[in-house]
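Written below as structure tokens is the structure these notes are about.
The chains referred to below are lettered A, B, ... by the order of the sequence lines, with proteins before strands, and numbering in each begins at 1.
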Amino acid sequence: MEARARRKVFFKDKVFEVVRKIPKGETKTYKEVASLAGFGGAARAVGAVLRTNYDLAIPCHRVIKSDGTLGGYNRGPNAKRALLEKENGL
DNA sequence: CATTTGACGCCAA
DNA sequence: TTTGGCGCCAAAT
């Protein structure tokens, strides 16, 4: 298929889609998102995409590391933690 | 077009 | 338990 430019947006598109599907109050790991996106071991790539494509329509702050740590956030880990606690009802 | 970096993950010491 | 290093993938420069 015309997977030329298609594939280029395949990864990003999937990541955005998956992250956007994350319900409020729930947090997912980059590994999980990558896996659901179909790229399993592309945890880094997931963060790279979210980093460059930070969109307010995408709850990228709900995506954390598999260790349970928040990881990072384009707006600052501070805002990320605040949002997570708030969405979790804390 | 090729190289480097990067919001990660997991194993070893 | 904590710190360090290596590996994986895609994007950005």
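Taking only side-chain nitrogens and oxygens, A:R51 comes nearer than 4.0 Å to OP1 or OP2 of B:dA7.
Within the 4.0 angstrom heavy-atom criterion, only backbone atoms of the sugar-phosphate kind lie near A:D67; the bases stay farther away. Base contact: A:A45 has a heavy atom under 4.0 Å from a base atom.
Listed candidates were B:dG9, B:dG6, B:dA7. Nearest to the side chain of A:T29 is B:dG9.
Atom CG of A:L90 has more than 12 heavy atoms from other residues, nucleotides or ligands within 6.0 Å.
Below the 3.5 angstrom threshold, one finds a donor paired with an acceptor across the side chain of A:Y30 and the base of B:dA7.
Across every strand in view, B:dC10 sits in a pair with C:dG5 that passes the Watson-Crick or G-U test at under 3.5 angstrom. Across all strands shown, C:dA12 forms a Watson-Crick or G-U wobble pair, both distances under 3.5 Å, with B:dT3.
With hydrogens and angles disregarded, no donor-acceptor distance shorter than 3.5 Å links the side chain of A:D13 to the backbone of A:V9.
Distance CD (A:E32) to P (B:dA7): 21 Å, rounded to an integer number of Å. Here B:dG6 presents its P atom at 16 Å from CG of A:L50, a figure rounded to the nearest Å. At whole-Å resolution of the value, NZ in A:K14 and C1' in C:dA11 are 17 Å apart. Rounded to whole Å, atom C1' of C:dA12 lies 14 Å from atom CZ of A:F11.
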